[in-house]
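Since we're looking at a predicted model, the values are computed, not measured. Throughout, protein chains are lettered first and strands after them, A, B, ... in sequence-line order, and every chain is numbered starting at 1.
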Amino acid sequence: MAWSFTADRPVYIQVAERIRRRVITGEYKAGAQIPSVRQIAMEATVNPNTVQRALVELETEGLLEARGTLGRFVTEDESVIERGKQSLIRSLVKSFITDAMRLGLTKEQIEAAVKEGTDERT
Amino acid sequence: MNVLECKGVKKSYKRGVLVLNNFNLSLPAGKIVGLLGPNGCGKSTLIKLIAGILQPNEGEIRVCGEPIGEATRAIVSYLPERTYFNSWMRVDELVSYFAEFYRDFDSARAYSLLSTLGINPSDRLKTLSKGTKEKVQLILVMSRRARLYLLDEPIAGVDPAAREYILSTIVSNYDPNATVVITTHLITDVEPVLDDFVFLSRDGKIFAQGSVEVARMETGKSLDELFREVFKHV
């Protein structure tokens with residue numbers, strides 16, 4: 001199934017996000033090899049140069065490592081993956097709060113709404 | 001060296017309609033390029049000029065440094081807007097036909113793509129649905145090891161699943177030495193597979209040209225939105 005993208009941001013950033021999420025959720029395990037650029041490009045139906053750029057971005061973050069002709073691997077350093085997870089959580093929370101404030105909610109109302117939502121889940 | 005070079009190309013049809021007017025375009029290797037523009041702006045005409053089916057009135061077109069002719073036909077793989085195969089032919093006969101005709105044709109790749117799709121090579125074309133026929137044609141065109149692929153409306157008239165298969169085939173065929181030119185009006189569908197875009201305007205000139213990702217970054221808009229904006233009053 002082709003991945004869907006939002007219009008407002010470059011595709012490579014959104015591809016990087018999808019792959020980061022796969023590492024954080026353990027779909028791509030620490031130390032394991034990830035699919036090739038071509039495989040990801042075919043799965044996502046995305047330009048291979050765009051996928052390449054996304055992977056280089058994740059290498060810069062330290063989440064992925066290129067091992068020459070062997071391909072790309074997820075870092076074995078769990079702390080890097082944990083840091084990625086924390087940063088993903090922060091950005092999710094931030095976008096949620098921004099949205100809620102736009103709707104006119106106060107800090108207290110947001111906290112109450114979150115509590116109510118989580119209580120319902122458990 | 002650029003894969004495609006158009007310099008001062010002018011093309012008008014008999015009734016005096018000027019389609020391309022002093023048209024210039026350079027495309028390097030390793031790119032998937034969307035050739036986009038309103039109906040009747042000359043997209044197909046340009047593709048046919050590069051494929052050597054039409055002759056320009058003025059100007060010069062070169063593919064990998066060669067003027068359009070026998071040498072470029074050997075390295076240009078062209079998918080026309082309409083199917084031109086004889087409907088009584090079987091799929092495997094078409095594959096042999098292509099293998100005989102083009103030195104760069106990879107029969108093994110063609111058969112592997114056909115089997116992925118579950119197309120029976122001994123089926124006759126007339127028994128296939130429109131979408132399947134289009135897929136067969138695309139498979140043949142993409143099974144050549146060409147330097148320039150010209151795909152004129154490759155996803156028009158097929159269902160979304162077939163569209164996705166076609167785009168995924170184009171992506172899987174990616175070769176850093178080759179360039180792919182795609183014309184389409186289904187911009188949203190092709191946008192993620194493109195490196196660059198070329199907007200053609202009605203007066204036969206380039207309206208805008210650039211990298212899809214850079215355009216997104218600079219404008220915060222998708223290519224489709226940008227296209228609608230640019231051509232709103234044209």
Side-chain angles (χ1 to χ4, degrees), chain A residues 1-22 27-28 33-61 63-64 66-72 87 91-92 94-95 98-99 102, chain B residues 28-34 109 112-113 116 142 154-155 159-182 186-197 210-229:
Chain A
M1 196 51 196
W3 298 356
S4 54
F5 302 101
T6 60
D8 54 335
R9 286 172 313 147
V11 175
Y12 86 92
I13 291 179
Q14 301 182 56
V15 171
E17 270 167 16
R18 290 285 288 254
I19 296 168
R20 195 182 293 118
R21 221 174 239 271
R22 287 185 175 182
E27 192 179 331
Y28 295 159
Q33 187 174 11
I34 68 157
S36 68
V37 168
R38 195 182 292 267
Q39 282 167 326
I40 296 173
M42 279 179 70
E43 186 205 324
T45 324
V46 164
N47 185 292
N49 294 318
T50 307
V51 174
Q52 173 74 20
R53 190 165 171 194
L55 297 183
V56 169
E57 183 85 4
L58 296 173
E59 273 174 36
T60 317
E61 284 175 25
L63 210 56
L64 298 182
R67 291 186 204 153
T69 52
L70 285 175
R72 281 192 178 81
S87 118
S91 82
L92 283 176
K94 192 176 155 195
S95 92
T98 313
D99 245 10
R102 246 184 238 138
Chain B
K31 300 277 185 190
I32 303 178
V33 183
R109 176 167 168 84
S112 118
L113 288 170
T116 321
M142 296 311 282
I155 56 170
D159 64 71
R163 236 175 254 175
E164 198 179 312
Y165 171 79
I166 287 172
L167 291 173
S168 166
T169 305
I170 294 169
V171 164
S172 75
N173 192 58
Y174 179 78
D175 170 2
N177 294 312
T179 282
V180 182
V181 177
I182 304 174
L186 298 165
I187 302 178
T188 310
D189 287 302
V190 298
E191 185 170 349
V193 312
L194 300 179
D195 287 288
D196 294 341
F197 67 93
S211 144
V212 176
E213 292 282 69
V214 170
R216 271 176 177 254
M217 247 180 292
E218 284 175 355
T219 65
K221 291 191 174 84
S222 70
L223 198 58
D224 187 53
E225 289 168 336
L226 209 58
F227 182 86
R228 283 166 207 262
E229 207 175 272

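Residue A/Asn49 holds its CG atom at 11.5 Å from CG of B/Leu194, rounded to the nearest 0.5 Å.
B/Glu164 contributes a side-chain N or O that, together with a main-chain N or O of A/Ala2, makes up a donor-acceptor pair within less than 3.5 Å. Between the B/Glu213 side chain and the A/Val11 main chain, a donor and an acceptor come within less than 3.5 Å of each other.
With chain B as partner, the option from A/Arg53, A/Arg9, A/Gln14, A/Arg38 having the largest number of non-hydrogen pairs under 4.5 angstrom is A/Arg38.
Interface remark: B/Asp189 contributes no atoms to any contact with chain A (heavy atom separation under 4.5 Å). Using a 4.5 Å cut-off between heavy atoms, A/Gln39 makes no contact with chain B at all. Interface residue A/Thr50: only side-chain heavy atoms are found under 4.5 Å from chain B.
A heavy-atom distance below 4.5 Å is not found between the side chains of B/Val212 and A/Pro10. When side chains are defined from C-beta on, B/Val171 counts as touching A/Pro48, because their heavy atoms get closer than 4.5 Å. B/Arg216 places none of its side-chain heavy atoms less than 4.5 Å from the side chain of A/Tyr12.
Residues B/Tyr174 and A/Asn47 bring no donor and acceptor atom of their side chains to less than 3.5 Å of each other.
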**Request:** Please test A/Thr45 against B/Val193 for side chain to side chain contact (heavy atoms under 4.5 Å, CB included), starting from the C-alpha separation and ending with a verdict.
**Result:** CA-CA 6 Å; A/Thr45 324; B/Val193 312; 4.0 Å; yes

